[in-house]
Amino acid sequence: MTNKNKASIHFREENKQFHLNNGEISYIFKVSSDGKLLHLYYGKALPEKDYAYLIEMHHRPMTTYRQENDLLYSSEHLKQEFPEYGTTDFRHPAISLRQENGSKITDFTYLKHEIINGKPKLENLPATYVENDSESKTLIVTLKDDVTNVEVELLYTIFTDLPIITRSARLINKGQQIQNIENLTSLSLDLPDADYDLIQLSGAWGRERAIKERSLQQGIQSIESTRGISSHQHNPFVALKRKNADEHQGEVIGTAFVYSGNFLIQAEVDTWDVTRLQVGINPFGFEWQLKPNETFTSPETVLVYSDKGLNGMSQSFHQLFRKRLARGVWREKDRPVLINNWEATYFDFNEDKLVSIAEKAHDVGVELFVLDDGWFGERNNDYAGLGDWFVNEQRLPKGIGSLADRIRGIGLKFGLWFEPEMVNKDSQLYREHPDWIIHTPDRKENHGRNQFVLNFGVNEVVDNIFNQMCAIIDESKLEYIKWDMNRPLTDVYNHRLDFSQQGEVFHRYVLGLYRLYEMLITKYPNVLFESCSSGGGRFDPGMLYYAPQTWTSDDSDAIERLKIQYGTSLLYPLSSMGAHVSIIPNHQTNRLTPIETRGNVAFFGAFGYELDLNQLTEKELTIVKNQVDFYKNYRSVIHNGTFYRLLSPFDSDNQTAWMVVSEDQKTAIVAHYKMLNEVNRSYQRLYLQGLHPEFDYQVENQKYNGTELMNAGFIITDASSGQINEQNKRPETHDFDSRVWVLTKEEN
Ligand code: DGJ
């Protein structure tokens with residue numbers, strides 16, 4: 001972070017207005033005469049002045065009012081920072097607190113505020129952070145409900161150098177009674193109109209994070225997870241895009257939730273076309289008992305404003321997530337080129353087979369060998385073994401330490417797969433602790449892939465898994481861990497909790513998961529963690545706080561991956577997307593794609609291989625070696641550069657293109673992918689982005705100026721255009737062809 005700009009939070013005493021500003025964006029709200037927080041503005045930076053005129057109130061039929069003898073002041077017509085239900089606003093509230101007498105009515109009013117440099121930590125939760133107090137400013141506004149004596153602290157952090165505000169809320173019970181939190185949103189933002197398209201990243205196993213778009217309409221449009229994980233189905237992210245905005249220009253507001261469990265993001269458009277955007281833990285299945293003197297903190301929401309289209313929004317998310325969400329040594333370090341044995345062997349391996357894959361991998365320059373599922377307990381198939389994190393002696397009779405030594409002897413680092421949250425009934429752990437699984441007493445237990453979920457809401461369970469994992473990490477001196485999670489939660493109940501606390505089980509599970517991650521990364525700061533959930537079922541900002549990369553999808557087909565990686569890039573940086581070259585016919589689609597294209601797609605992620613290299617021809621191995629060299633040369637540009645999406649596979653024009661530009665703009669890597677070959681194809685140019693307008697770039701022995709490449713375009717017409725004859729000899733083209741170009745600044 002360079003601190004070019006200055007973040008300020010100005011409190012205007014005379015009208016009690018807060019103005020968060022960093023030169024790029026402004027966020028403005030005020031305290032009303034009766035202590036309510038009224039939203040005034042969010043968007044491009046505005047000068048500091050009194051914006052109270054933005055509050056509009058009109059007398060309207062069928063409205064209810066807050067003051068006697070007044071026919072104007074109704075919360076229904078106001079844009080608010082912390083809306084409540086039941087006191088004249090009929091839209092969804094930011095809070096629902098069930099009190100001992102059953103009432104859910106609250107009336108939170110302004111008590112005090114504090115402006116501090118930097119950004120406070122969120123206790124036991126992942127969150128973005130700063131390394132230096134000059135990187136951000138934080139406003140904490142405290143509201144109080146006089147009847148319950150509950151206080152809420154609303155946290156707003158504005159970053160100095162990014163068009164980003166983060167939000168969360170903390171409830172503190174200063175009263176004598178137990179309060180039941182039914183809902184506490186992390187963000188509630190009232191926008192003055194509804195002229196937006198809502199973009200979401202949705203899908204399923206194997207086709208995660210497809211870009212879906214719909215126009216906002218009166219009523220609620222929402223996405224959520226009820227599965228205990230953020231899920232393959234919906235990612236905790238939405239963008240509101242102006243109708244005239246596109247990848248490169250126009251206004252976009254993006255929000256992402258730094259949480260890995262059940263979430264709800266909704267946009268409620270009211271009858272006057274005001275849009276209420278809300279983000280938080282999903283109230284469905286949730287309730288939290290807040291005893292006197294206890295505090296409950298909602299996870300963080302990140303809010304990005306872009307006036308440079310979707311690419312602008314993504315670039316801000318990427319910067320923040322790479323530099324101030326991911327942590328530890330691997331945040332900055334080059335990620336190793338890895339080989340994973342899953343698609344190479346599945347459960348069918350022994351030590352010699354693994355070693356032969358590792359040897360070949362080392363020959364082509366791979367740096368890390370990852371042993372996936374099957375190395376532990378009695379895990380000879382997916383019916384047994386989960387929960388028993390000690391070596392599978394049938395498979396690896398000499399132990400895991402011996403295998404690790406052999407792999408290191410070859411010259412590779414060594415990593416292992418774990419699925420810490422799960423247990424099979426056929427395991428030592430389950431036989432000893434059958435009550436450790438999440439289940440509902442007296443009812444049948446539902447399984448997923450024959451496995452059951454350990455109750456991570458219980459410290460004893462987490463501690464047991466921690467100790468087992470430590471023993472293996474110590475024995476094999478692991479350098480990498482792939483942390484998998486292969487089923488959603490069902491039968492959610494915890495018999496150790498009172499009946500009135502059963503709504504806490506989902507969230508307690510997530511807190512237990514975070515606790516285990518925190519203990520492990522604290523004890524083993526040099527281990528690189530890659531999170532995974534049947535591919536990308538828990539690819540969320542919460543996980544990135546612990547594991548800087550995530551296995552993007554179990555669908556490793558290069559053509560399918562174009563959509564998956566393109567969609568994922570809306571929010572997540574390339575350094576976070578595990579992307580591997582796998583064998584053909586592809587195991588998910590049976591598709592045959594050239595090895596070059598498989599590499600050209602996987603380059604734009606955390607690169608690796610997931611096949612037995614012994615099965616490749618010499619010619620293919622040479623290509624693989626070149627791919628590994630290419631990636632090593634350019635991984636730092638790919639991971640630290642600025643990413644631009646150029647042509648979308650969702651626009652179904654048979655092609656995809658994207659590029660990455662290094663921070664100093666001296667190097668750019670451009671990629672173009674074609675799905676099906678065509679005859680007599682059109683002439684085609686790519687209009688490049690982000691180059692330095694005054695730099696000259698070398699590409700394929702030609703010299704072009706940056707302005708030229710961005711405005712006149714870069715010719716990518718391929719040999720499938722026009723007729724091939726003696727005079728016009730060109731290379732053959734095929735389905736699934738792709739090309740990658742490196743542009744380098746010509747130094748005079
Ligand atoms: C699901 C993961 O996504 C795969 O990569 C692999 O690790 C399997 N689980 C192993 O069971």
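Remember, it's 1-based here, ligands and their atoms both numbered in the order they're listed. Predicted model only: the values in this text are computed from it and were never measured.
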Colleague: Under 4.0 Å from a heavy atom of C532: which atoms of ligand 1 are those, numbered in the order shown and with their elements?
Modeller: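 The list of qualifying atoms is 2 (C), 3 (O).
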
Colleague: Tell me whether D484 has any N or O atom under 3.5 angstrom from an N or O of ligand 1.
Modeller: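 D484 vs ligand 1: N/O contact under 3.5 Å present.
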
Colleague: Quick one: look at N486 and ligand 1, take heavy-atom pairs under 4.0 Å, and tell me if it's side chain, backbone, both or neither.
Modeller: side chain

Colleague: Are side-chain N/O atoms of E208 and T552 paired as donor and acceptor at under 3.5 Å?
Modeller: no

Colleague: Should the proximity of R379 to ligand 1, defined as any heavy atom under 4.0 Å, be assigned to the side chain, the backbone, both, or neither?
Modeller: neither

Colleague: Determine the minimum heavy-atom distance between Y493 and H439, stating which atoms define it.
Modeller: CB-O, 3.3 Å

Colleague: Does atom CD of E393 have more than 12 heavy-atom neighbours, drawn from other residues, nucleotides or ligands, at distances under 6.0 Å?
Modeller: no

Colleague: Mark the output for E343 as yes if a heavy-atom distance to ligand 1 is under 4.0 Å, and as no if none is.
Modeller: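 Distance cut 4.0 Å: E343 fails for ligand 1.
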
Colleague: Side chains of N464 and Q468: any donor to acceptor distance under 3.5 Å?
Modeller: yes

Colleague: Nearest 0.5 Å, please: how far is CD in E560 from CD in Q565?
Modeller: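 One finds 11.5 Å between CD of Q565 and CD of E560.
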
Colleague: Run the numbers for me: atoms of ligand 1, each under 4.0 Å from some heavy atom of D373, listed by number.
Modeller: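 Those of ligand 1 that fall under 4.0 Å from D373 are 10 (C), 11 (O).
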
Colleague: Can you tell me the protein heavy atom closest to atom 6 (C) of ligand 1 and the distance?
Modeller: D372 OD1, 3.4 Å

Colleague: Quick check: does E610 get an N/O under 3.5 Å from an N/O on ligand 1?
Modeller: no

Colleague: Please determine whether the number of non-hydrogen atoms from other residues, nucleotides or ligands lying under 6.0 Å from atom OH of Y346 exceeds 12.
Modeller: yes

Colleague: Out of all atoms in ligand 1, which are within 4.0 Å of some heavy atom of G535? Include the element for each.
Modeller: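 Ligand 1 atoms under the 4.0 Å threshold to G535: 3 (O).
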
Colleague: Do other residues, nucleotides or ligands put more than 12 heavy atoms under 6.0 Å from E359 CD?
Modeller: yes

Colleague: Taking atom types as modelled, find out whether N392 and E378 have a side-chain donor-acceptor pair closer than 3.5 angstrom.
Modeller: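 Result is no, nothing qualifies.
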
Colleague: With a cut-off of 4.0 Å, which atoms of ligand 1 are near a heavy atom of W551?
Modeller: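 So the atoms of ligand 1 that pass are 3 (O), 5 (O).
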
Colleague: Of all the non-hydrogen atoms in the protein, which one sits nearest to atom 5 (O) of ligand 1, and at what distance?
Modeller: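 Here the closest protein heavy atom is K482 NZ, 2.7 Å.
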
Colleague: To the nearest 0.1 Å, how far is atom 3 (O) of ligand 1 from its closest protein heavy atom, and which atom is that?
Modeller: D554 OD1, 2.5 Å

